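Below is one structure; the comments refer to it alone.
Below, all heavy atoms of this structure are taken into account, side chains as well, without hydrogens, waters or symmetry copies. Just so you know, these numbers come straight off a predicted model, no measurement behind them. Chain letters run A, B, ... following the sequence lines, proteins first and then strands; every chain starts at 1.
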Protein chains: 2
Amino acid sequence: MAELSENAVPAATVGRLPYYLRALRDLADEGVPLTSSSELAERSGVGSAQLRKDLSFLGSFGTRGVGYDVQSLADYIKAALGLESEHRLAIVGIGNLGHALANYSGYTQRGFQVAALLDASPDVVGTEVAGIRVDDIADLTQVITQRRVSMVVLATPGGVAQGVAEQVVAAGVREILNFAPTALQVPDDVVVRSVDVGGELQILAFHAAARAAGAQD
Amino acid sequence: MAELSENAVPAATVGRLPYYLRALRDLADEGVPLTSSSELAERSGVGSAQLRKDLSFLGSFGTRGVGYDVQSLADYIKAALGLESEHRLAIVGIGNLGHALANYSGYTQRGFQVAALLDASPDVVGTEVAGIRVDDIADLTQVITQRRVSMVVLATPGGVAQGVAEQVVAAGVREILNFAPTALQVPDDVVVRSVDVGGELQILAFHAAARAAGAQD
DNA sequence: ACATGTGAATCCTTTCACAGCA
DNA sequence: TGCTGTGAAAGGATTCACATGT
């Protein structure tokens, strides 16, 4: 691994870039050509100093006294996120959630392409979901290789998630989005992002309880 | 505000408590009565020092030289998260994702109860999803009040999310789980957690691009 | 005059390392 | 001996405040 100037972007900043991109897209849709750190920050739900600091890690895109060009800033952020090249993904586990994710329309317009759907159940394999045939998970390695899948969305039951993840990694995938309620054990060079609906609700419950305890006083 | 011993729990710690709880449930299912900070940390995907530090904000539950009792630690964490009392939630927006969330089985076993489903489309209102009748979003305030809903899951299209959030807040809800790709503007005392699938994929794309840039060197 | 870009200060989080106790 | 619980140190992230450039 070589040290790169681009690699100096902090993780917390990377996590916010999608918000900025979304806000910029909205502004573009509204026909706004120019924006400011405070307007963009407001729409992204962060502070303006934070936004400027975040952008400073990518470079210097604004004009002092004026602001940012909406379109060109969006292009810079897209480039920083690696959204120039197409990313081909497979969804594994076509249950309720897998269905919903397959039908999610936000992929293609943003450089993501659903290249494969995989499931273990004979009832589902062979059917079409969102215009794509569901393949048997037994053929996982082959499908991933042949269709040049580089990212996998895991929507399987928790019990089998670790095993599937191992196959997926063995097939060469290095980016996984995990919806299963399991802490996946993967090699260091594999990036896993987990979305846990149950966990999010529990965090909200904590705040509800804290509020109740405070109000009692 | 009175005794803040509970309120001193850092946000980062709260965010990890659900992982610990999940790992403890797994251990209990396997019939393991006793565990250690390193075993529990391993299963939760964190470091053992971090786990011990996190638990120290809640109290002191282990036995030095021995470890933690699986069942009683789980009970303590549940209590800290406010999972003793039932939380009644409404899902707003019964599209692909709303369907999937309504059918998600992880709620009831964890103290959450789906008390209402709401949608705007005449095609959906009146149908049954997951055994619950879908009500008209026009009746939102009434439904929330009558069914004592305290949390809302927003699964609407982005365009209407802000408007719905405002109604939901006006109806007295203070905890929102937002799946719409929008930064909701809400009063300070309302807690919003956002899940953004598109954003997660973009973060993965960033790592893929960083890897590609590094390998080239 | 005005908004960006950025060092410096502050705050929060993680990690370390060991004292304390079964 | 072995593992917890916790001060202290280290490392990140956020916020401040202003110099900088248009």
Side-chain angles (χ1 to χ4, degrees), chain A residues 3 5 7-20 23-24 27 32-70 72-74 76-77 80 183 188 203 206-207 210, chain B residues 4-20 23-24 27 32-74 76-77 80 183 188 203 206:
Chain A
E3 308 315 314
S5 44
N7 263 350
V9 183
T13 294
V14 173
R16 281 184 297 267
L17 294 179
Y19 296 125
Y20 303 153
L24 286 165
L27 285 165
V32 180
L34 206 66
T35 188
S36 65
S37 64
S38 46
E39 180 179 41
L40 191 52
E42 158 106 25
R43 284 172 178 255
S44 309
V46 305
S48 69
Q50 176 134 263
L51 179 128
R52 292 199 303 278
K53 175 62 88 176
D54 282 341
L55 293 184
S56 79
F57 291 112
L58 305 182
S60 154
F61 309 114
T63 314
R64 287 165 200 252
V66 180
Y68 303 92
D69 180 80
V70 168
S72 74
L73 180 55
Y76 272 117
I77 293 180
D188 285 349
I203 293 167
F206 173 87
H207 289 288
Chain B
L4 297 181
S5 40
E6 284 109 352
N7 261 351
V9 184
T13 294
V14 174
R16 281 186 296 266
L17 294 180
Y19 296 127
Y20 304 153
L24 286 165
L27 285 165
V32 179
L34 207 65
T35 187
S36 65
S37 65
S38 47
E39 180 180 41
L40 191 51
E42 158 107 25
R43 284 173 178 254
S44 309
V46 305
S48 69
Q50 175 135 264
L51 179 129
R52 291 199 304 278
K53 175 61 87 173
D54 281 341
L55 293 184
S56 78
F57 292 112
L58 306 182
S60 154
F61 310 113
T63 314
R64 288 165 201 252
V66 178
Y68 303 91
D69 179 79
V70 168
Q71 190 53 57
S72 73
L73 180 56
Y76 272 117
I77 293 180
D188 284 350
I203 294 167
F206 174 87

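- Taking atom CG on B:Leu17 and atom P on C:dT13, their separation rounds to 13 Å, with Å as the unit.
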- [ ] Test B:Tyr20 against B:Asp54 for side chain to side chain contact (heavy atoms under 4.5 Å, CB included), laying out the working first.
- [x] CA-CA 10 Å; B:Tyr20 304 153; B:Asp54 281 341; 2.6 Å; yes
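- Two residues, A:Val66 and B:Ser38, neighbour DNA chain D, and the one matched to the more 5' nucleotide by heavy-atom proximity is B:Ser38.
- Considering only side-chain N and O atoms, B:Ser60 lies under 4.0 angstrom from the phosphate OP1 or OP2 of D:dG5.
- B:Leu73 places its CG atom 12 Å from the C1' atom of D:dT4, with the value rounded to the nearest Å.
- Put simply, CZ on B:Phe57 is 10 Å from C1' on D:dT6, counting in whole angstrom units.
- Between B:Thr63 and B:Leu34 there is no side-chain heavy-atom pair separated by less than 4.5 Å.
- Considering only the side chain of B:Ala12, C:dT14 comes nearest among C:dT14, C:dT6, D:dT4.
- The nearest pair of heavy atoms linking A:Ala183 to B:Gly45 is CB-N, 4.1 Å.
- Between A:Asp54 atom CG and D:dC16 atom C1' the separation is 16 Å, expressed in whole Å.
- Taking side-chain N and O atoms only, B:Ser36 has no distance below 4.0 Å to OP1 or OP2 of D:dC3.
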Open item on the list: Between B:Val9 and A:Phe206, is the side chain to side chain contact (heavy atoms under 4.5 Å, CB included) condition met? List the steps.
Closed with: CA-CA 10 Å; B:Val9 184; A:Phe206 173 87; 4.2 Å; yes
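- In this structure, B:Tyr68 does not reach the C:dA22 phosphate: none of its side-chain N or O atoms is under 4.0 Å from OP1 or OP2.
- Distance CZ (A:Arg52) to P (C:dT4): 6 Å, rounded to an integer number of Å.
- In this structure, A:Lys53 atom NZ and C:dT4 atom P are separated by 15 Å, rounded to whole Å.
- Looking at B:Arg64, its side chain comes within 3.5 Å of the base of D:dT4 through a donor and an acceptor atom.
- Closest non-hydrogen pair, B:Val70 versus B:Leu24, comes out as CG1-O, 3.5 Å.
- Side-chain nitrogen and oxygen atoms of A:Thr63 include none within less than 4.0 Å of the OP1 or OP2 phosphate oxygen of C:dT4.
- Atom CG in A:Asp69 sits about 17 Å away from atom P in D:dT22, given to the nearest Å.
- With rounding to whole Å, B:Leu40 atom CG is found 10 Å from D:dT4 atom P.
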